[in-house]
Visitor: 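Here it is: the structure, laid out below.
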Protein chains: 2
Amino acid sequence: MGERKEKAAQTEAALKDAARRQFAERGYLNTKITDITAAAGRAAGTFYQHFASKEDLLQALLADMHGQAGSAFDGDDRPVHDLTDPTQLREHLAVAWGVMRDNRPVMIALFESALADGPGSGALWNRLTADTSMLRAHLEYLRERGQALPGEPALIAAAMGAMLSMLAYALLPVTSVSTGDSGSGYTDMQILDTVSSLLLHGLAGPAGSEPCGAGQSVP
Amino acid sequence: MGERKEKAAQTEAALKDAARRQFAERGYLNTKITDITAAAGRAAGTFYQHFASKEDLLQALLADMHGQAGSAFDGDDRPVHDLTDPTQLREHLAVAWGVMRDNRPVMIALFESALADGPGSGALWNRLTADTSMLRAHLEYLRERGQALPGEPALIAAAMGAMLSMLAYALLPVTSVSTGDSGSGYTDMQILDTVSSLLLHGLAGPAGSEPCGAGQSVP
DNA sequence: GTCTATATACAGATAGAC
DNA sequence: GTCTATCTGTATATAGAC
């Protein structure tokens with residue numbers, strides 16, 4: 001590889017890295033091109049030698065993510081999970097949460113980008129359905145297997161994705177310190193426990209919590 | 001009331017009305033001041049005789065909303081709902097959904113505004129907790145009553161709010177036609193049924209769907 | 001390939017005429 | 001009170017020197 005190309009690769013990596021940091025800190029929409037170049041220690045004009053726009057840069061980051069850490073997505077999976085099984089549901093949510101945590105800058109950027117297109121564009125709905133396609137497949141499997149579900153698999157999947165991604169956006173801390181506690185005082189485990197439990201048995205809780213078949217136990 | 005003041009009031013109302021339409025169509029972030037004034041049939045400069053900024057206008061819309069339709073929020077409520085009761089949960093969600101539908105422009109604007117502040121600001125988390133304070137109160141009541149809950153009331157409430165508000169943003173149609181079917185082919189009823197059911201009994205469904213107390217029924 | 005300097009575009013906000 | 005015209009600030013993107 002020529003020296004010029006090597007330097008270019010270094011710069012490109014520095015820009016991407018700076019972008020990730022800026023997105024995580026200030027958000028995608030608030031981050032200006034000059035914020036990225038400044039954080040990368042490069043001149044403003046240099047940016048356009050590597051990316052056509054901020055949107056283009058985001059696509060590059062997305063490609064990187066799918067390239068390397070895609071393992072977490074595909075590697076784990078059996079063809080289908082039984083999401084009514086506590087362990088499997090919890091595991092599935094934990095993987096999703098981990099992916100969001102490990103790629104927080106990109107998640108933030110995609111979220112903000114979709115939202116900036118406005119509600120009429122349907123961009124957010126598209127993102128939601130795309131990100132929950134795997135979930136939908138598992139639910140469709142359950143349905144074919146005869147499991148009674150609360151509704152359309154696609155809609156349930158979207159609802160679950162909405163809950164998870166918005167909580168991730170709101171709760172995942174800026175600094176990905178290894179401890180795993182979030183900005184608002186909730187730990188990852190606490191969040192996952194709550195969401196898993198809520199999605200598994202709802203507010204009413206598991207069947208065993210009240211005497212079986214009892215309509216109402218008066219104090 | 002003087003004639004000038006009357007004209008001013010008319011203009012102000014026209015601006016607010018145009019803003020609501022624009023927010024619903026293009027989203028809050030994409031709407032420029034000139035979009036509003038143009039839609040209202042007024043000159044650009046006129047805007048600043050009535051509002052200091054777009055943010056200020058949003059606050060005015062919010063105040064209007066709390067003023068008139070606040071009835072839907074306060075009027076209905078007994079001190080607490082038992083959210084583990086199917087009817088009461090469904091009713092609570094239906095009211096929330098209706099408020100979001102009836103005030104879609106403001107909801108959209110608040111959502112986008114909070115998101116534009118970036119993830120570090122905590123604006124979205126604040127919005128989420130504020131909008132679900134009533135829900136949280138109901139959950140705390142249940143907890144004190146001895147009900148087993150999936151986790152912290154505040155966290156559960158936020159999770160529910162996240163699901164509902166994001167679905168509303170993504171699914172509520174641009175044109176608030178009276179029929180009540182959403183842009184992506186789901187009806188309001190379908191969405192409410194699904195969400196209610198999911199939040200009440202989770203993916204596993206009500207206790208009665210499987211033989212009571214059966215760990216696993218092998219085919 | 002990277003830098004400095006600058007051109008372009010546009011949204012926010014103001015000033016003065018009517 | 002409203003309008004037209006304009007000023008200001010800022011972000012994107014390009015041009016030419018090194």
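Chain naming here is simple, since letters A, B, ... match the order of the sequence lines and numbering starts at 1 in each.
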Visitor: Rounded off to whole Å, could you give me the CZ-to-C1' distance for the B:Arg42 and D:dT4 pair?
Guide: 16 Å
Visitor: Checking A:Gln88 side chain against A:His81 main chain: does a donor-acceptor pair fall under 3.5 Å?
Guide: no
Visitor: Would you say the side-chain atoms of B:Glu6 and B:Gln10 include a donor-acceptor pair closer than 3.5 Å?
Guide: no
Visitor: Relative to each other, are the rings of A:His138 and A:His92 parallel, tilted or perpendicular (30° and 60° limits)?
Guide: perpendicular
Visitor: How about A:Gln22 and A:Tyr28: does a side-chain donor come under 3.5 Å of a side-chain acceptor?
Guide: no
Visitor: Return no unless some side-chain N or O of A:His50 is found under 4.0 Å from OP1 or OP2 of C:dG1.
Guide: no
Visitor: Using the side-chain heavy atoms of B:Lys7, tell me which of these nucleotides is nearest: D:dC3, C:dG1, D:dT2.
Guide: D:dT2
Visitor: Measure from the side chain of B:Thr11, starting at C-beta and using heavy atoms only, and say which of D:dC3, C:dT2, D:dT2 lies closest.
Guide: D:dT2
Visitor: Taking only nitrogen or oxygen atoms into account, show me every contact under 3.5 Å that the protein makes with nucleotides 11-14 of chain D, one pair per line with its distance.
Guide:
residue: D:dT12; atom: OP2; partner: A:Ile33; partner atom: N; Å: 3.2
residue: D:dA13; atom: OP2; partner: A:Tyr48; partner atom: OH; Å: 3.3

Visitor: Only counting residues at least two apart or in another chain, list the ones meeting salt bridge (charged side-chain N to carboxylate O under 4.0 Å, His left out) with B:Arg127.
Guide: B:Asp131
Visitor: Do the side chain of B:Lys16 and the main chain of B:Ala60 share a donor and acceptor less than 3.5 angstrom apart?
Guide: no
Visitor: Using every non-hydrogen atom in the two residues, find where B:Ala157 and B:Leu139 come nearest and quote the distance to one decimal.
Guide: N-CD1, 3.8 Å
Visitor: Using a strict heavy-atom distance below 4.0 Å, which residues from residues 110-119 of chain B are in contact with DNA chain C?
Guide: none
Visitor: Between A:Glu140 and A:Arg136, does at least one N-O distance fall below 4.0 Å, as a salt bridge requires?
Guide: yes
Visitor: What is the separation between atom CD on B:Glu55 and atom C1' on C:dG12, rounded to the nearest whole Å?
Guide: 15 Å
Visitor: A:Gln49 CD to D:dA15 C1': how many Å, rounded?
Guide: 11 Å
